[in-house]
Amino acid sequence: MSTQVEQQQDFFKVVHERHSVRYYDPAVKISKQELEELLQEATLAPSSSNLQPWRFLVIDDQDLKEKLLPIAYNQQQVVDASAVIAVLGDMNWYHEGEKIYSKSVEAGYMSEDVKKQMMSTVENGYHHMDEARKKKIVHIDGGIISMQLMLVARAKGYDTVPMGGYDAAKFNEMFQIPAHYENIMLIALGKAAKPGHPTVRLSVDEVTHWNSMK
């Protein structure tokens with residue numbers, strides 16, 4: 001019981017300590033291996049039908065970060081953070097269904113019958129879905145994994161800030177982003193040079209209704 005309580009307290013400490021940080025120590029570098037570990041943990045996030053539409057572009061080359069700076073409206077964290085992670089959404093994500101569900105069968109997490117049912121949903125649902133609904137799914141799942149990545153980073157002792165303020169068209173051109181990828185956000189990741197400032201939140205009473213919106 002005590003271990004469980006400690007784990008819960010650790011989680012809440014992470015939640016409370018996570019702040020958006022805009023000033024980073026440029027001397028701190030995060031290795032490719034550790035970045036991969038952070039992303040691996042983040043990919044445990046849930047997604048629609050477990051089809052995982054997220055894709056990442058990790059930008060840790062300093063020259064590229066300098067080129068990204070004006071595209072990100074000269075936000076200094078772009079060049080000072082250890083890395084900038086572009087979270088993208090693949091609009092053709094459902095084509096991975098066969099691969100994902102086959103791996104689930106091999107791992108013993110899913111039977112062949114369930115796999116057939118899931119593939120039927122993919123083929124009859126996602127393939128014929130209109131673009132607006134597809135975008136909604138991709139952006140919801142992209143938002144979920146972005147939050148998970150920021151919490152994982154905080155748990156590992158790093159800081160982050162989500163960034164929606166950048167020129168997506170210029171970003172796509174510079175980094176040759178495929179046309180079927182949606183921009184979700186950029187996340188600067190590194191060690192804070194100055195702590196993120198505390199912020200206030202609306203109370204639960206101000207944002208919550210019970211059983212009716214009246």
Please give me the minimum heavy-atom distance between [X] and [Y], naming the atom from each residue.
| X | Y | value |
| --- | --- | --- |
| Tyr181 | Asp90 | CE1-CG, 3.6 Å |
| Thr160 | Met150 | OG1-CG, 3.3 Å |
| Gly89 | Ile184 | N-CG1, 3.9 Å |
| Leu64 | Met174 | O-CE, 3.8 Å |
| Leu88 | Asn183 | CD2-OD1, 3.9 Å |
| Trp54 | Asp141 | CE3-O, 3.6 Å |

Spacing of [atom1] belonging to [X] relative to [atom2] belonging to [Y], to within rounding of 0.5 Å:
| X | Y | atom1 | atom2 | value |
| --- | --- | --- | --- | --- |
| Glu41 | Thr43 | CD | OG1 | 8.0 Å |
| Phe56 | Ile85 | CZ | CD1 | 7.5 Å |
| Asp205 | Trp210 | CG | CH2 | 9.5 Å |
| Gln52 | Leu44 | CD | CG | 9.5 Å |
| Ser146 | Met185 | OG | CE | 3.5 Å |

Which pairs count as side-chain hydrogen bond (donor to acceptor under 3.5 Å, both in side chains) when at least one residue sits in residues 20-31, sequence neighbours excluded? none
Any link between [X] and [Y] through a network of hydrophobic side chains (Ile, Leu, Val, Met, Phe, Trp, Tyr) touching at under 4.5 Å?
| X | Y | value |
| --- | --- | --- |
| Met163 | Ile177 | yes |
| Val152 | Val28 | no |
| Leu149 | Val14 | yes |
| Met91 | Leu57 | no |
| Leu39 | Phe175 | no |

Between Ser49 (side chain) and Leu51 (backbone), is there a donor-acceptor pair under 3.5 Å? no
Minimum side-chain heavy-atom gap [X]-[Y] below 4.5 Å:
| X | Y | result |
| --- | --- | --- |
| Met118 | Met110 | yes |
| Val15 | Phe11 | yes |
| Ile137 | Met129 | yes |

Side-chain donor-acceptor pairs under 3.5 Å in residues 187-197, sequence neighbours left out?
from, atom 1, to, atom 2, distance (Å)
Lys191, NZ, Gly157, O, 3.1

Enclosure of Glu37 CD (heavy-atom neighbours >12, cutoff 6.0 Å): yes
Give every residue pair that meets the salt bridge (Lys or Arg N to Asp or Glu O under 4.0 Å) criterion with at least one member in residues 93-109, sequence neighbours excluded. Glu96-Lys99, Glu98-Lys115
So Ile59 and Leu68, side-chain contact (heavy atoms from CB on, under 4.5 Å) or not? Walk me through it. CA-CA 9 Å; Ile59 304 165; Leu68 176 59; 4.1 Å; yes
Please identify each residue that fulfils salt bridge (charged side-chain N to carboxylate O under 4.0 Å, His left out) with [X], with sequence neighbours left out.
| X | answer |
| --- | --- |
| Lys135 | Glu182 |
| Glu206 | none |
| Glu34 | none |
| Lys32 | none |

Cationic N near anionic O, under 4.0 Å, Lys134 to Glu131: yes
What's the verdict on side-chain contact (heavy atoms from CB on, under 4.5 Å) for Tyr158 and Leu35, showing C-alpha distance, side-chain angles and the deciding distance? CA-CA 11 Å; Tyr158 294 114; Leu35 288 168; over 6 Å; no
Pairs satisfying ring-ring contact (aromatic ring centres under 6.0 Å, His included), at least one member in residues 113-134, at least two apart: Trp93-Tyr126, Tyr94-His127, His95-His127
Considering residues at least two apart in sequence or located in another chain, which fulfil the side-chain hydrogen bond (donor to acceptor under 3.5 Å, both in side chains) criterion with Asn124? Ser120
Members besides Tyr109 in its Ile/Leu/Val/Met/Phe/Trp/Tyr cluster (side-chain heavy atoms under 4.5 Å): none
Any chance you could pull the hydrophobic cluster mates of Ile144, using side-chain heavy atoms under 4.5 angstrom and chaining through other members? Ile140
Cut-off 3.5 Å, no hydrogens considered: what does the side-chain donor-acceptor table look like for residues 71-79, sequence neighbours left out?
from, atom 1, to, atom 2, distance (Å)
Gln75, OE1, Gln77, NE2, 3.2
Gln75, NE2, Ala72, O, 3.0
Gln75, NE2, Gly165, O, 2.8
Gln76, NE2, Asp80, OD1, 3.4
Gln76, NE2, Asp80, OD2, 3.4

Looking only at side-chain N and O atoms, does Thr199 offer a donor or acceptor that is under 3.5 Å from a partner on Arg201? yes
Test side-chain contact (heavy atoms from CB on, under 4.5 Å) on Tyr101 and Val114; report intermediate values, then the result. CA-CA 9 Å; Tyr101 299 148; Val114 171; over 6 Å; no
